[in-house]
Amino acid sequence: MLDNIKGALFDLDGVIVDTAKYHFLAWGRLAKELGFEFTEEHNERLKGVSRVRSLEILLEIGGISASEEEKLAMAEKKNNWYVDYIRAMDESEILPGAREYLLQLRENGVKTALGSASKNAPMILDNLKITGLFDVIIDGNKTSAAKPDPEVFLLGAQGLGLAPADCVVFEDAEAGVEAGKRAGMRVVGIGKPEILKEADMVIAGLHELVGQYQ
């Protein structure tokens, strides 16, 4: 499955680093300001959902009505808090095996790209001190369509100068797996097999691949 690959494209959150906890902290802070508690159980309803819809769900949980103008202000406040949290991230937050596997691929001549919807991806990579481990970075500032649209991965392959069939995508979300398959690439799912069943193979984390050539 991982033989003869020329390019490896990685999602950021859940694959290289875990920023989900910071979204949870920021939404919880907003809920507290609005006068109610936001729990981890509530947070499950926000996974894989847009920021706008996430805010609507949060307001539903709190039984709060707000105008469109108020919603925009709340969403911006939440995002500013989130950015403050991730601005303080450092190398200690790289997920196990991620740096080692990226180095291993590059040492074996495999090109690497990041394919993330996050507009904060460049800052996160800088904080983790791994920007230099990617030949190409495609983030939310360079794409117009969200996963499962394959745009982010097709742009990544194009940036690497490779055909999609020569690339493998590493993803932790169903929408990302679908995007990789729609791009015509092989996909390694990171997480639970029952959720990522469309992936070509599923592993718990990149640490499982360290020490295995490609």
Does any part of the side chain of [Y], heavy atoms only, come nearer than 4.5 Å to the side chain of [X], both counted from C-beta?
{"X": "Leu25", "Y": "Tyr82", "answer": "no"}
{"X": "Glu56", "Y": "Arg53", "answer": "yes"}
{"X": "Ile190", "Y": "Ile203", "answer": "yes"}
{"X": "Leu103", "Y": "Glu100", "answer": "no"}
{"X": "Phe134", "Y": "Leu102", "answer": "yes"}
{"X": "Asp172", "Y": "Asp13", "answer": "no"}
{"X": "Phe38", "Y": "Leu46", "answer": "yes"}
{"X": "Met89", "Y": "Tyr22", "answer": "yes"}

Can you give me the closest heavy-atom contact between [X] and [Y], atom names plus distance?
{"X": "His23", "Y": "Lys78", "value": "ND1-NZ, 2.7 Å"}
{"X": "Val15", "Y": "Ala98", "value": "O-CB, 4.3 Å"}
{"X": "Leu196", "Y": "Val177", "value": "CD2-CG2, 4.0 Å"}
{"X": "Leu58", "Y": "Phe36", "value": "O-CZ, 3.3 Å"}
{"X": "Phe153", "Y": "Gly176", "value": "CE1-O, 3.7 Å"}
{"X": "Thr112", "Y": "Leu133", "value": "OG1-O, 2.6 Å"}

Please check this pair: side chain of [X] against backbone of [Y], looking for a donor-acceptor N/O pair closer than 3.5 Å.
{"X": "Asp18", "Y": "Leu95", "answer": "no"}
{"X": "Asp135", "Y": "Ala113", "answer": "no"}
{"X": "Asp90", "Y": "Ser92", "answer": "yes"}
{"X": "Arg182", "Y": "Pro148", "answer": "yes"}
{"X": "Gln104", "Y": "Gly211", "answer": "yes"}

Should [X] and [Y] be counted in the same cluster of Ile, Leu, Val, Met, Phe, Trp and Tyr side chains packed under 4.5 Å apart?
{"X": "Leu59", "Y": "Leu72", "answer": "no"}
{"X": "Leu154", "Y": "Val169", "answer": "no"}
{"X": "Leu114", "Y": "Leu105", "answer": "yes"}
{"X": "Ile16", "Y": "Val110", "answer": "yes"}

At what distance, to the nearest 0.5 angstrom, does [atom1] of [X] lie from [atom2] of [Y]?
{"X": "Ile86", "Y": "Thr19", "atom1": "CD1", "atom2": "OG1", "value": "7.0 Å"}
{"X": "Leu155", "Y": "Ile137", "atom1": "CG", "atom2": "CD1", "value": "14.0 Å"}
{"X": "Glu37", "Y": "His42", "atom1": "CD", "atom2": "NE2", "value": "8.0 Å"}
{"X": "Ile130", "Y": "Leu12", "atom1": "CD1", "atom2": "CG", "value": "7.5 Å"}
{"X": "Glu208", "Y": "Leu206", "atom1": "CD", "atom2": "CG", "value": "9.5 Å"}
{"X": "Trp27", "Y": "Ile61", "atom1": "CH2", "atom2": "CD1", "value": "10.5 Å"}

Item checked: Parallel, tilted or perpendicular: rings of Tyr101 and Phe10 (30°, 60°) ->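 If you compare the ring of Phe10 with that of Tyr101, the planes turn out perpendicular.
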Item checked: By side-chain contact (heavy atoms from CB on, under 4.5 Å) - contacts of Asp126 (at least two apart) ->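 Expected list: Thr131.
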Notebook entry, point to check: Got more than 12 heavy atoms from elsewhere within 6.0 Å of CD, Glu91?
Noted result: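 Result for CD/Glu91: enclosed.
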Next item on the list: Give a yes or no on this: more than 12 heavy atoms of other residues, nucleotides or ligands lie within 6.0 Å of atom NZ of Lys32.
Entry: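 Counting neighbours around NZ of Lys32, 12 or fewer heavy atoms of other residues, nucleotides or ligands fall under 6.0 Å, so no.
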Item checked: Glu178 bridged to Lys181 by N-O distance under 4.0 Å ->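 A salt bridge is absent here (no side-chain N lies under 4.0 Å from a carboxylate O).
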Check: If you measure from the Lys or Arg side-chain nitrogens to the Asp or Glu carboxylate oxygens, is any gap between Arg51 and Glu76 under 4.0 Å?
Finding: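 Salt bridge flag = no for Glu76 with Arg51.
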Item checked: Chi angles and distances behind the salt bridge (Lys or Arg N to Asp or Glu O under 4.0 Å) call for Glu174, Lys192 -> CA-CA 10 Å; Glu174 283 182 275; Lys192 297 179 179 177; over 6 Å; no
Notebook entry, point to check: If you look only at pairs with a residue in residues 139-165, which of them pass as a salt bridge (charged side-chain N to carboxylate O under 4.0 Å, His left out), with sequence neighbours excluded?
Noted result: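 Every pair satisfying salt bridge (charged side-chain N to carboxylate O under 4.0 Å, His left out) with a residue in residues 139-165: Asp11-Lys147, Lys147-Glu171.
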